[in-house]
Amino acid sequence: MNNFIEKLKSRSPLIHNITNMVTINDVANIELACGARPIMAMAPQEMDEVTGICDGLNLNIGTPSEERFEAMRIAARMAAKKNIPIVLDLVGVGVSRFRMDFVMSLLDEVHVDVIKGNLSEVKAVMEHGRCDGGVEVTDTADESDAKALACRAALQYGCICVITGETDYVAELCDELVAMTIMKEV
């Protein structure tokens with residue numbers, strides 16, 4: 001991990017974050033601590049310009065609005081056009097049809113490099129369903145079920161799938177095979 005952080009610091013990537021209002025300060029400070037340079041632009045009118053000069057795009061749907069989703073869509077299109085990696089954080093995706101419809105249409109429109117969510121959120125996307133617990137995990141699964149879900153998402157969307165929780169599961173598509181990493185809380 002230290003080697004990764006040192007490499008990140010030496011590169012100092014500019015990361016465009018359209019994140020939820022609850023975590024915006026934390027996201028900026030964590031990125032700064034890791035050596036990245038965060039920018040928190042949210043106005044749809046500047047998405048093409050801002051995203052176009054960035055090294056990464058981080059989208060978090062935790063505090064949705066029409067304007068925020070439009071900004072995310074414009075930024076994601078530009079990122080896809082310029083081959084800029086996109087991370088999609090599924091915060092509360094199963095709480096409302098508004099969030100789910102946005103996520104599903106975005107996944108249909110652009111390639112996302114990383115999908116991140118807790119077990120309930122990833123399950124909601126994979127089953128086009130609801131999770132009534134807000135951003136908290138309401139579903140339970142044994143390790144093999146959680147691994148299978150992460151692998152299924154990685155295969156379906158051709159991306160890295162991260163399921164967070166007490167144990168984190170990371171599934172990555174590698175030459176049509178899925179590699180799995182499991183990290184337990186210490």
Side-chain angles (χ1 to χ4, degrees), residues 4-5 7-93 98-118 121-122 124-126 128 135 150 152-164 170-176 178-179:
F4 174 77
I5 301 273
K7 191 174 181 182
L8 183 66
K9 284 181 179 178
S10 72
R11 186 154 176 248
S12 190
L14 182 61
I15 308 297
H16 181 192
N17 300 281
I18 307 174
T19 188
N20 77 56
M21 303 313 287
V22 176
T23 62
I24 194 167
N25 192 52
D26 294 335
V27 169
N29 286 329
I30 289 167
E31 287 181 2
L32 286 168
C34 291
R37 296 172 297 133
I39 185 164
M40 308 322 233
M42 294 187 197
Q45 299 84 346
E46 64 179 351
M47 289 300 102
D48 281 339
E49 289 177 274
V50 172
T51 304
I53 62 167
C54 288
D55 301 302
L57 176 63
N58 176 28
L59 305 175
N60 175 314
I61 67 161
T63 49
S65 70
E66 285 286 347
E67 183 178 61
R68 187 177 305 270
F69 281 171
E70 181 58 23
M72 288 181 183
R73 188 177 310 284
I74 294 166
R77 286 177 187 144
M78 176 55 73
K81 180 179 175 182
K82 294 216 161 198
N83 236 5
I84 296 166
I86 302 170
V87 174
L88 177 60
D89 193 342
L90 303 172
V91 179
V93 68
F98 180 58
R99 292 177 197 226
M100 182 64 76
D101 288 348
F102 170 74
V103 166
M104 298 314 295
S105 70
L106 188 69
L107 289 171
D108 283 344
E109 187 175 345
V110 298
H111 175 262
V112 172
D113 299 275
V114 179
I115 294 174
K116 177 204 164 284
N118 65 38
E121 292 162 345
V122 174
V125 167
M126 294 307 292
H128 304 263
V135 299
R152 212 169 88 227
L155 282 169
Q156 182 167 331
Y157 294 107
C159 68
I160 296 169
C161 177
V162 180
I163 297 179
T164 59
V170 181
E172 179 178 6
L173 190 60
C174 304
D175 298 322
E176 297 183 25
V178 177

Check residues 39-51 and write down every donor-acceptor pair under 3.5 Å in which the side-chain atom is one partner and the other belongs to a residue at least two apart or another chain.
from, atom 1, to, atom 2, distance (Å)
Thr51, OG1, His16, ND1, 2.9
Thr51, OG1, Met47, O, 3.0

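- In this structure, Ala80 and Ile86 approach most closely via the heavy-atom pair N-CD1, 4.3 Å.
- When all heavy atoms of Ala76 and Leu59 are compared, the pair lying nearest together is CB-CD1, 4.3 Å.
- Once rounded to the nearest 0.5 Å, the distance linking CD1 of Ile84 with CG of Leu57 reads 7.5 Å.
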side-chain contact (heavy atoms from CB on, under 4.5 Å) between Leu107 and Ile115: does it pass, once the steps are laid out?
CA-CA 10 Å; Leu107 289 171; Ile115 294 174; 4.0 Å; yes

Evaluate side-chain contact (heavy atoms from CB on, under 4.5 Å) for Leu88 paired with Ile61, printing each intermediate quantity in order.
CA-CA 8 Å; Leu88 177 60; Ile61 67 161; 4.2 Å; yes

For residues 155-163, which side-chain donor-acceptor pairs fall under 3.5 Å, sequence neighbours excluded?
none

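- Smallest separation of non-hydrogen atoms from Pro38 and Ala28: CG-O, 3.6 Å.
- Going from atom CZ of Arg99 over to atom OG1 of Thr63 covers 8.0 Å, rounded to the nearest 0.5 Å.
- Between the OG1 atom in Thr19 and the CG atom in Asp89 there is a gap of 7.0 Å [rounded to 0.5 Å].
- In plain terms, the two heavy atoms of Pro64 and Phe98 that are nearest each other are CB-CE2, 3.7 Å.
- Evaluation of the side-chain hydrogen bond (donor to acceptor under 3.5 Å, both in side chains) test over residues 28-40, restricted to residues two or more places apart or in two chains, returns Ser12-Arg37, Asn17-Glu31.
- Not counting sequence neighbours, Arg68 has no partner by the salt bridge (Lys or Arg N to Asp or Glu O under 4.0 Å) test.
- Annotation: side-chain hydrogen bond (donor to acceptor under 3.5 Å, both in side chains) contacts involving residues 75-84, sequence neighbours excluded, comprise Arg77-Glu109.
- How far CG of Leu106 is from CG of Asp101: 12.5 Å, rounded to the nearest 0.5 Å.
- Considering every non-hydrogen atom in both Ile53 and Leu14, the closest pair reads O-CD2, 3.7 Å.
- For Asp55, the salt bridge (Lys or Arg N to Asp or Glu O under 4.0 Å) partners are Arg11, not counting sequence neighbours.
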